[in-house]
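To keep things clear, I will list the structure first and then write my remarks on it.
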Amino acid sequence: MSWSDVPVRRAEVFGGPMQGIAPTSGVRVARMSLAGRLALVNAVIALITIAIAGCVSYLALARELDRHADAELWSKAQALAHTFAELPDATSRDAWQQGVRTALYGHEDLHVAIVDGRNKEALFASSALAEEALTRIDWRAQGVDPAFWQFKPSYPVASVAMPIRLAQGDNLKVVLSQDRSREELLLARFTSGVIAAFLALWALLLVGSWWIARLELAPLERFSQMAARTGAGSLGHRLELNGLPRELAVLADEFNSMLVRIEQGMERISNFSGDLAHELRTPIGILYGRTQVALSRGRTEDELRQVLEDNVLELERLSRLVSDMLFIAQEAESNVADLMTKVDFRKLAEMVTEFMSLAAEERGIVFAVTGDAGVIANEVLIQRALTNLISNAIKHADTGSSVRIQIGRSGNGAAVEVINQGEPIPAIQLKRIFERFYRLDASRTRQDGGTGLGLAIVDAIAKRHGGRVSAECGPGRETRFRLELPDQKGDGWKVRAER
Ligand SMILES: Nc1ncnc2c1ncn2[C@@H]1O[C@H](COP(=O)(O)OP(=O)(O)O)[C@@H](O)[C@H]1O
Ligand SMILES: [Mg+2]
């Protein structure tokens, strides 16, 4: 059997799934190959089948041989009895000898004895075997099965007795014995021949099934080659589906889709960290430059205070950026269903507008909240989403205009729309504003402290709830953001506290 050394993989992950995974720990355990196992199973089944077939054919042959020999023995005995009855001098020894010689000519396996029917005394025996048969035969069991006995070791004999009906009424019997060693030999030869043939066949089956299994499993090599080639930096390889059996093709297809998903995930992560580094560079650069300039020569206390105040603003923005990033990162991990409650959109909108009324007042903006609806959702998250949308609306609304918040049912859930009047967003940028760090006017948003993550957070929250957020710019400088959340059903949405 083909045993091979297969290294046992032990993934050692330190600090999360994105860290490097130690490929193999070098532990090697002797395992039997799959091809070997299949071949062995096949061979065992074949062995059992062959053994059963061999036994059945052996028994059938033995029975047929016996039946044939018995029939021949009986008919020969009958013929002999008849011949003796017809002899002119039926009770003379010479006549018997003569009769036996003619009757058994060419039948060396047959031995004849003639006995007195009453006292079973031997009157004539053609051989020592024929004489011994008289002591072995069961005189009462006539016309049934022959008596089987051993003349010498491995010299099986079958004997039958048949009355001879003489004209003068003498009671004689003929005992005919057949040497069955020829049948025995035939069976023995059959058995050894069959065993030899079966052994050869079995070996052929074993090798054949091992070979076929190996051939069929050969494509599995592709998987291990692929796994060996794949790493965080090389996720572009795909398995070739051509020539794979159906089961493996399905597996390979799933494997390929998994690689695609991992590749996309890796790309997102790498884009995200790239963006993050880029975003951090600007405020850090500003802080660094400003501090260096301040230190380059002697400054008055007022000048230093001004620098520190400016730095505080920048640091505030930085800290907001970091907490937004943290929020997005945690959001990807958290289970939104953990804190699901009945959320009243109307109450929430009133709360948020109240909270932002000062910022709105500064720009002469008034709020108008209309409608009423609610869904089961994570209230903290929905409040955050609403705050982001409303603060954007305040920032981008024309001075002295109004920001409308319209609440209503939508499909199988609820929707809240935040509408403001202001500079419209160009159509091609409408799709991109939900991307992380995407801003229409980076320099302007820098000044107002935006991080470019507000809408990305709204989008993440909507998706977390199975909903969506969209934006459109209508006629009359109207910008409308719509957040739709479906009603939550099913076991996945455990409501912890009803309000
Ligand atoms: N109501 C709005 N009207 C016009 N532009 C908007 C509005 N809301 C968002 N935007 C644009 O979308 C961009 C992304 O918004 P957001 O993700 O909240 O980032 P931030 O507000 O930090 O700049 C903003 O820079 C802005 O250009
Ligand atoms: Mg914003």
Side-chain angles (χ1 to χ4, degrees), residues 268 271-272 275-276 278-283 286 313-329 331-332 349 352-353 355-356 358-360 362-369 381-406 415-464 468-484:
R268 266 200 305 275
N271 286 348
F272 188 51
D275 289 348
L276 182 61
H278 184 261
E279 287 302 316
L280 290 173
R281 202 166 52 186
T282 319
I286 290 170
L313 285 180
E314 204 62 53
L315 285 167
E316 258 173 17
R317 212 183 81 82
L318 249 180
S319 112
R320 203 164 35 244
L321 180 74
V322 169
S323 69
D324 277 358
M325 295 297 306
L326 266 179
F327 179 83
I328 289 184
E331 204 23 47
V352 174
T353 48
F355 181 68
M356 307 194 101
L358 236 123
E362 266 178 25
R363 307 202 59 230
I365 285 162
V366 289
F367 292 116
V369 184
L381 296 187
I382 302 304
Q383 183 180 338
R384 177 145 197 170
L386 220 53
T387 307
N388 288 0
L389 290 179
I390 294 173
S391 81
N392 277 354
I394 296 171
K395 258 192 276 180
H396 298 280
D398 293 332
T399 354
S401 65
S402 73
V403 167
R404 283 180 289 140
I405 295 145
Q406 291 181 351
V416 52
E417 289 184 338
V418 179
I419 306 152
N420 74 276
Q421 208 182 48
E423 200 59 46
I425 306 167
I428 39 162
Q429 288 174 314
L430 264 180
K431 279 194 211 76
R432 301 204 55 197
I433 51 174
F434 297 101
E435 292 173 15
R436 287 161 184 172
F437 304 117
Y438 191 83
R439 281 164 300 199
L440 296 193
D441 179 359
S443 60
R444 211 189 83 183
T445 35
R446 274 207 56 72
Q447 284 156 18
D448 65 33
T451 59
L453 287 171
L455 289 178
I457 288 175
V458 178
D459 190 50
I461 291 172
K463 282 184 180 143
R464 272 264 142 195
R468 55 189 231 108
V469 59
S470 56
E472 62 176 33
C473 290
R477 294 165 59 79
E478 201 181 72
T479 305
R480 179 187 300 253
F481 280 83
R482 181 179 168 85
L483 172 67
E484 283 172 83

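All ligand and atom numbering here is 1-based and tracks the order in the structure. What's counted below: heavy atoms across the whole structure, side chains too, no hydrogens, waters or symmetry copies.
- The ligand atoms of ligand 1 that sit less than 4.0 angstrom from a heavy atom of Leu440 are 25 (O), 27 (O).
- For Arg439, heavy-atom contacts with ligand 1 shorter than 4.0 Å involve the backbone as well as the side chain.
- Residue contacts with ligand 1, taken as heavy atom pairs separated by less than 4.0 Å, involve Asn420 solely via side-chain atoms from C-beta onward.
- With Glu279 as reference, Arg439 is the one residue of Arg320, Arg439, Arg436 to meet the salt bridge (charged side-chain N to carboxylate O under 4.0 Å, His left out) rule.
- Applying the side-chain hydrogen bond (donor to acceptor under 3.5 Å, both in side chains) criterion to Gln429, with sequence neighbours excluded, gives Tyr438.
- A donor-acceptor pair under 3.5 Å is formed between the side chain of Thr387 and the backbone N or O of Gln383.
- Considering backbone and side-chain atoms together, Thr451 places an N or O closer than 3.5 Å to an N or O of ligand 1.
- For ligand 1, the polar-atom distance check finds no N/O of Glu423 at less than 3.5 Å from any of the ligand's N/O atoms.
- In terms of N/O distances under 3.5 Å, ligand 1 is not approached by Ala456.
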Tell me, with the steps shown, if Thr399 and Ile365 meet side-chain contact (heavy atoms from CB on, under 4.5 Å).
-> CA-CA 6 Å; Thr399 354; Ile365 285 162; over 6 Å; no

Verdict with reasoning, Ser391 to Met356, per side-chain contact (heavy atoms from CB on, under 4.5 Å) = CA-CA 8 Å; Ser391 81; Met356 307 194 101; 3.3 Å; yes

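- With hydrogens and angles ignored, the 3.5 Å screen pairs no side-chain donor or acceptor of Arg404 with any backbone N or O of Phe367.
- In terms of polar-atom proximity, defined here as any N/O pair under 3.5 Å, Asn392 does make such a contact with ligand 1.
- Within the cation-pi definition used here (under 6.0 Å to the ring centroid, within 45° of the axis), Arg384 qualifies as a partner of Phe327.
- The contact set between ligand 1 and Ile425, taken as ligand atoms under 4.0 Å from a residue heavy atom, comprises 4 (C), 5 (N), 6 (C).
- Here Leu455 has heavy atoms under 4.0 Å from ligand 1 in both its backbone and its side chain.
- For ligand 1, one of its N or O atoms has an N or O atom of Gly452 under 3.5 Å away.
- Of all the listed residues (Arg436, His396, Arg480), His396 holds the heavy atom that lies closest to atom 4 (C) of ligand 1.
- No donor-acceptor distance shorter than 3.5 angstrom exists from the side chain of Asp324 to the backbone of Leu453, with no hydrogens or angles considered.
- Within the protein, the N, O or S atoms sitting under 2.8 Å from the Mg ion (ligand 2) are Asn392 OD1.
- Listed by number with element, the atoms of ligand 1 under 4.0 angstrom from any heavy atom of Gly454 are 16 (P), 17 (O), 18 (O).
- Heavy-atom distances between Phe481 and ligand 1 reach below 4.0 Å in at least one pair.
- Taking both residues in full, the closest heavy atoms of Ile425 and Cys473 are given as N-SG, 3.2 Å, listed atom of the first, atom of the second, then distance.
- By the 3.5 Å distance cut-off applied to N or O atoms, Tyr438 is not counted among the residues near ligand 1.
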Just do the side-chain contact (heavy atoms from CB on, under 4.5 Å) check on Arg468 and Lys463 with the steps written out, would you?
-> CA-CA 6 Å; Arg468 55 189 231 108; Lys463 282 184 180 143; over 6 Å; no

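- Residue-ligand proximity, Lys395 to ligand 1, at heavy-atom distances under 4.0 Å covers atoms 21 (O).
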